[in-house]
Q: 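Sharing a structure with you now.
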There are 2 protein chains.
Amino acid sequence: MPKTSQAAGLHRASLDKLHDLDAALELMYYGWRGMTLEADDYLARQGLSRPHHRILYVVARRPDIAIGALIEILGISKQALNRPLGLLLERKLLTSKRSPEQHRSKLLRLTVAGQRIEQKASDHERKVMRAAFDRAGASGAAAWMAVMGAIADSN
Amino acid sequence: MPKTSQAAGLHRASLDKLHDLDAALELMYYGWRGMTLEADDYLARQGLSRPHHRILYVVARRPDIAIGALIEILGISKQALNRPLGLLLERKLLTSKRSPEQHRSKLLRLTVAGQRIEQKASDHERKVMRAAFDRAGASGAAAWMAVMGAIADSN
DNA sequence: GCTTCATGTCAACTATGTTGACTTGAGATG
DNA sequence: CATCTCAAGTCAACATAGTTGACATGAAGC
């Protein structure tokens, strides 16, 4: 099931560059894949995947978040959230309780098991980033973040 | 410009950071989204999407590529390739001809219309990268590429 | 009471991918 | 010639991640 990482995506540096920025496009693709590959593998072994991780990641950083706010942050429809969220609740990685005074909203929170999985999955990603930053040095890391910030804010 | 780009993914900078590298994880996510957003939008208006663009991108840089080699490079199964490839052929964005001597393989090539769409979609992505690189300067761009290369090669 | 409205759920659909099993057609080889 | 191989293509069943539309629920307001 885990594909050989060689065939997982564009084969690095095997394509002619038609434009000077083609290398950057391919690096973005490979970089995204490279950062998420191990984490996705780990998640798959837990019977989970990227959307589940996204939910866990956000809830870990916003305990007692309401479902509506989570939908906003994830940028998906509430219907799309429904199934992965249901699985996480069923697997008891998340708890949902109604707030006493705000009885309309359900508040989400990670269980200890959910915290463990969120942390392990994110750790795989952070490990990749840490290794790359170590090789690039502090100034390289800062430059990387500046460029990524510019790209992220370009819309 | 720093508009609170509401539902387009994680809301920038709105989450607490549990680890010092969380900002990097989020930047990778936003960066990928930021680079591809306009291109995906353009593709959607053409009735196409990311997998179609990936095919066009590779074939543009490897004219007369065989289907088997394309599968290798894209890292997907031939069945998964089948539908998007069929659409591109039907829309006459790609041609497929059997090679004279290697009669077993079909060789793929972009039509003029296919070249145009590939170029326009990739242009959207290059435009985003160019703007970010311009803001970061040549050394920043080089640092970005070094970090991304390290991430890409980490598997 | 009855309506309003945010929240949440269910159903049907689309798209992209996966395996597995099979066919087709040309090349190579006994 | 017969047959085996191999790239390509097809068909079916399924998983996952997303979409809209329709509907249920429940606190709040008239």
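From a predicted model like this one, the values you see are computed outputs, not experimental measurements. In what follows, every chain begins at residue 1, and chains take the letters A, B, ... in the order their sequences are listed.
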Q: Scan B:Ala66 against the nucleic acid and name what it touches under 4.0 Å (heavy atoms): base, sugar-phosphate only, or nothing.
A: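 Contact class for B:Ala66: sugar-phosphate only.
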Q: Please report, rounded to the nearest Å, how far the P atom of D:dC6 is from the CD atom of B:Glu72.
A: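 From B:Glu72 CD to D:dC6 P: 15 Å.
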Q: Applying ring pair (Phe, Tyr, Trp, His ring centres under 6.0 Å), which residue pairs with at least one partner in residues 107-126 of chain B are found, sequence neighbours left out?
A: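 Pairs touching residues 107-126 of chain B that pass the test: B:Tyr42-B:His124.
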Q: C:dT16 C1' sits how many Å from B:Ile55 CD1, rounded?
A: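 To the nearest whole Å, that distance equals 11 Å.
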Q: Measure CG/A:Leu70 against P/C:dT7 and give the value in whole Å, please.
A: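 Between P of C:dT7 and CG of A:Leu70: 13 Å.
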Q: Side chains of A:Lys78 and A:Ile67: closer than 4.5 Å at any heavy-atom pair?
A: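 A:Lys78 does not reach A:Ile67 side chain to side chain.
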Q: Could you tell me which residues satisfy salt bridge (charged side-chain N to carboxylate O under 4.0 Å, His left out) with B:Arg50, sequence neighbours excluded, listed by chain and number?
A: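 With sequence neighbours excluded, B:Arg50 shows a salt bridge (charged side-chain N to carboxylate O under 4.0 Å, His left out) to B:Asp40, B:Glu125, given in chain and number order.
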Q: For nucleotides 15-19 of chain D, tabulate all protein N/O to nucleotide N/O atom pairs closer than 3.5 Å, reporting atom names and distance.
A:
residue : atom : partner : partner atom : Å
D:dA17  : OP1  : A:Ser49 : OG           : 2.2
D:dA17  : OP2  : A:Ser49 : OG           : 3.2
D:dG18  : OP1  : A:Arg54 : NH2          : 2.9
D:dG18  : O6   : A:Arg83 : NH2          : 2.7
D:dT19  : OP2  : A:Ser77 : N            : 2.9
D:dT19  : OP2  : A:Ser77 : OG           : 2.7

Q: Please report the distance, rounded to the nearest Å, between NZ in B:Lys97 and P in D:dA7.
A: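 Taking NZ of B:Lys97 and P of D:dA7, I get 20 Å after rounding.
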Q: Looking at D:dT10, I'd like to know if its phosphate oxygens (OP1 or OP2) sit under 4.0 Å from a side-chain N or O belonging to B:Asn82.
A: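 Affirmative; the distance criterion is met.
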Q: Going by the rule salt bridge (charged side-chain N to carboxylate O under 4.0 Å, His left out), which residues pair with B:Asp123 if we only count those two or more places apart in sequence or in a different chain?
A: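 Salt bridge (charged side-chain N to carboxylate O under 4.0 Å, His left out) list for B:Asp123, sorted by chain: B:Arg126.
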Q: What pairs meet the side chain to side chain donor-acceptor pair (under 3.5 Å) rule with one or both residues in residues 80-95 of chain B, with sequence neighbours excluded?
A: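 As it turns out, there is no side chain to side chain donor-acceptor pair (under 3.5 Å) pair with a partner in residues 80-95 of chain B once direct neighbours are skipped.
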Q: Show which side-chain atoms of residues 112-120 of chain B pair as donor or acceptor with protein atoms under 3.5 Å away, not counting sequence neighbours.
A:
residue  : atom : partner  : partner atom : Å
B:Glu118 : OE2  : B:Arg61  : NH1          : 3.0
B:Glu118 : OE2  : B:Ser122 : OG           : 2.7

Q: What is the distance from CD1 of A:Ile65 to P of C:dT7, rounded to the nearest Å?
A: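 The distance from CD1 of A:Ile65 to P of C:dT7 comes to 12 Å, rounded to the nearest Å.
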